[in-house]
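See below for the structure under consideration.
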Amino acid sequence: MRRTTLAAALSAAVALTAAVAMPTAEAAPHGALRPVLNSAKPLPPTLPMTAPPVNRSLAPGVTLSTLTFGKKNADDFWTVHVYLPADPSGPLGKAALELGPRATADRVADALRQQGFVPRVEEVRSPAYADLPAGTLGWTVRVGGYAERADATAQLAKVKAAGFTGDTRYTAQDGTDLKAPQKVFVLRVDFSRFKGNVGTEFGPTLHGTEPATELIKDANALAGINGQWFYNDAPGGLFVRDGKVLASATQGRGAILLTDGGRDVRVDALTAHLTLRTPRGAIEEIDGVNRIPGDVWNCGGVGGDTPTEKPQHDFECTDPSELVQFTPEWGAPPTGAGAEVVLDKDQEVVALNSSRGATVPPGGSTLQAIGDTADWLVDHVRVGDRLGVTTRVNDSYGRPVPLTPDTTIMQVGPTLVRHGKVSVNAMADGIIRSGADQSFTYDWTNRSNPRSMMGVDDQGRLMLVVVDGRQAGYSEGLSIAHTADLMRQLGAREALNLDGGGSSVMVTAGDGVINRPSDSSGERSLGDAWVIKP
């Protein structure tokens, strides 16, 4: 198939010019990062557009575009993916790794041949990222090739009966084919014509989830997409709304920063620190905001995380000694052993409790402590004390990020486009799993998945983007590397990855869900969402 770049499609389809912008030399909006384009270097790879774009105006300055890329390739097929043992000499009947060292893959392949199967040992390459060179991620073992998933499932049953473990895979979702079919939905907000704003929305309480359709309805919004990943039914990562910190940072992960209702947009990696100071000069760092004490999803806390203090996406770290702040937005705080102080709206201690779970006063907060920190709290805080809680957020250059009343920050990641160039901070963001088992990296980062993204183009227009995935022959989804390529192709000057997978959803007030979420049950309940309000 002849590959048609988006630039070529633009010249052939004038209607798309209002919805999809390519890089221009126009000045960046005040406060935004100016793109750096070097024509001497090759542009990122492009997805081939295979159908005319469908554009629709939702309001003056708000355009919804549906884009179709690629097409089903007759060479794609279903196959049996055989798992490898973590211990190279471990039992094959309990193997759980999707890829591993070449020697382990060869051992599994030899064992399959002895049972009469014809396996393939395939190398999985990791692309180059901003903070990691390209290289071999590992080796997989596969058996057979089938036009229908049912046939691959039947072969998988035989493989399991012979003493192996595994699953089925569709080769178009291996994350390497730019020409695989994709359905892409793009909301562009042109603030030169749109007088509303873009912000965030969550349910009645931060601790709880709601479908995107309900969040859009409750916000009286025109449209929106999903936002952060969520753990224990609450957002994971730094979340700032109206200048107030509502959720803890994962130190050094990517984030998108909006001010002035979305008219100023930045993408950067952020750190955040909250410090408690007593009237007698005692100081303690607050480990988190609005999350279960001791349970550090994605790791990357401020100290004491086990097994690592580095970001590790979708990985649960623990910390037995923590101080966590709860605000009224959370709802009913968790209960349990430890200690807590209750602060009124003036930061004065109105109660010091020997267990956790008190109601948060209006405008106030509670500070829950577990482990050694509970002892510190009891020793250093008294009823009637006026405590000082300071917040410091810094960008990747160490500069302070002002938390003004119009500041919205959502830390998700990884970064996709910075200064007009593809820039994925894979290692620093924790989407490359540490250790020998790279199954998560392979599945989440390298393979194709539904994705949601957010960014700003060269004309200062905000972009909310959803790519459907895991739907063979309709839309396969994208790897993280190709997600970055797509956002740059769509004209992004700055772009960030949002929560994805079954959470990827785009909703309009008039249509409800307009994409095809990958869960068989339809749209998921979400921790929060981005909304476009008139």
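- Ring geometry for Trp444 against Phe440 counts as parallel: the plane angle stays under 30°, on a 0 to 90° scale with 60° as the upper cut.
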Test salt bridge (Lys or Arg N to Asp or Glu O under 4.0 Å) applied to Arg113 and Asp110, step by step: CA-CA 5 Å; Arg113 291 187 190 98; Asp110 288 342; 2.7 Å; yes

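- Contact detail for Val466 and Ile225: the closest heavy-atom pair is CG2-CG2, 3.9 Å.
- Looking at heavy atoms from C-beta onward, Thr46 lies out of side-chain contact with Phe69 at the 4.5 angstrom threshold.
- The backbone N or O of Ile514 sits nowhere less than 3.5 Å from a side-chain atom of Asp511 that would complete a donor-acceptor pair.
- Asn55 and Thr63 are not linked by any side-chain donor-acceptor pair at a separation below 3.5 angstrom, with hydrogens and angles left out of the test.
- In this structure the side chain of Leu215 never reaches within 4.5 angstrom of the side chain of Trp530, judged on heavy atoms.
- Using a 4.5 Å cut-off on side-chain heavy atoms (C-beta onward), Arg169 and Arg142 make contact.
- Side chain of Gln411 to main chain of Gly237: no donor-acceptor pair is present (N/O by atom type, distance under 3.5 Å, no hydrogens or angles).
- Taking the side chain as every heavy atom from C-beta outward, Leu187 and Met463 never approach each other to under 4.5 Å.
- For the residue pair Thr176 / Asp174, no side-chain donor-acceptor distance below 3.5 Å is found, with atom types taken as modelled.
- Thr68 and Lys183 form a side-chain donor-acceptor contact under 3.5 Å, judged by distance and modelled atom types alone.
- Side chains of Phe239 and Gln228 form a contact here, defined as non-hydrogen atoms less than 4.5 Å apart.
- Leu246 is listed as a side-chain neighbour of Phe202, based on a closest heavy-atom distance under 4.5 Å.
- Between the side chains of Tyr397 and Asp268, not a single donor N or O lies within less than 3.5 Å of an accepting N or O.
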Can you check salt bridge (Lys or Arg N to Asp or Glu O under 4.0 Å) on Asp395 and Arg266, steps first, answer last? CA-CA 10 Å; Asp395 66 15; Arg266 286 180 59 196; 3.3 Å; yes

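- Panel note: side chain Asn515, backbone Met506; a donor-acceptor pair is recorded below 3.5 Å.
- Of all non-hydrogen atoms in Gly254 and Thr415, the two that sit nearest each other are CA-CG2, 4.0 Å.
- Judged purely by distance below 3.5 Å, without hydrogens or angles, the side chains of Asn449 and Arg470 pair a donor atom with an acceptor atom.
- Formation of a donor-acceptor pair under 3.5 Å by the Ser126 side chain with backbone atoms of Thr136 is not found in this model.
- For the pair Asp305 (side chain) and Gly301 (backbone), a donor-acceptor distance under 3.5 Å is present.
- Taking each heavy atom of Phe315 and Cys299 in turn, the nearest pair found is CD2-SG, 3.6 Å.
- Residues Val124 and Asn446 approach most closely at CG1-ND2, 4.1 Å, considering heavy atoms.
- Contact check for Tyr83 versus Leu92: no side-chain heavy atoms found under the 4.5 Å cut-off.
- At least one donor-acceptor pair closer than 3.5 Å links the side chain of Arg107 to the backbone N or O of Pro88.
- No more than 12 heavy-atom neighbours from other residues, nucleotides or ligands sit within 6.0 angstrom of CD on Glu148.
- A donor-acceptor pair under 3.5 Å is absent between the side-chain atoms of Glu98 and the main chain of Asp437, judged by distance alone.
- For the pair Met487 and Val465, the minimum side-chain heavy-atom distance is below 4.5 Å.
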I would like to know whether Leu416 and Met453 meet side chain to side chain contact (heavy atoms under 4.5 Å, CB included); could you show each step before the answer? CA-CA 9 Å; Leu416 299 172; Met453 301 81 79; 3.7 Å; yes

Please evaluate residues Asp151 and Arg149 with respect to the criterion salt bridge (Lys or Arg N to Asp or Glu O under 4.0 Å), reporting the C-alpha separation (whole Å), side-chain torsions for both, the decisive distance (0.1 Å), and the verdict. CA-CA 5 Å; Asp151 295 329; Arg149 185 173 192 172; over 6 Å; no

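- Side chain of Glu523 to main chain of Ser503: no donor-acceptor pair is present (N/O by atom type, distance under 3.5 Å, no hydrogens or angles).
- With a 6.0 Å cutoff to the six-membered ring centre and a 45° limit on the axis angle, Arg447 counts as a cation-pi contact of Tyr442.
- With hydrogens and angles ignored, the 3.5 Å screen pairs no side-chain donor or acceptor of Ser396 with any backbone N or O of Ala269.
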Could you please spell out the steps behind the salt bridge (Lys or Arg N to Asp or Glu O under 4.0 Å) verdict for Arg524 and Asp519? CA-CA 8 Å; Arg524 291 181 182 176; Asp519 287 0; 2.6 Å; yes

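- Contact between Gly502 and Ser518 at its shortest, heavy atoms only, is CA-OG, 3.4 Å.
- Outside the 6.0 Å centre-distance limit, the rings of Tyr170 and His81 are not counted as a close aromatic pair.
- Taking the centre of each ring, Tyr146 and Trp78 stay at or above the 6.0 Å mark.
- Formation of a donor-acceptor pair under 3.5 Å by the Arg120 side chain with backbone atoms of Gly144 is found in this model.
- Side chains of His313 and Arg433: a donor-acceptor N/O pair is absent below 3.5 angstrom, by distance only.
- In terms of heavy atoms, Pro414 sits closest to Asn425 at CB-OD1, 3.4 Å.
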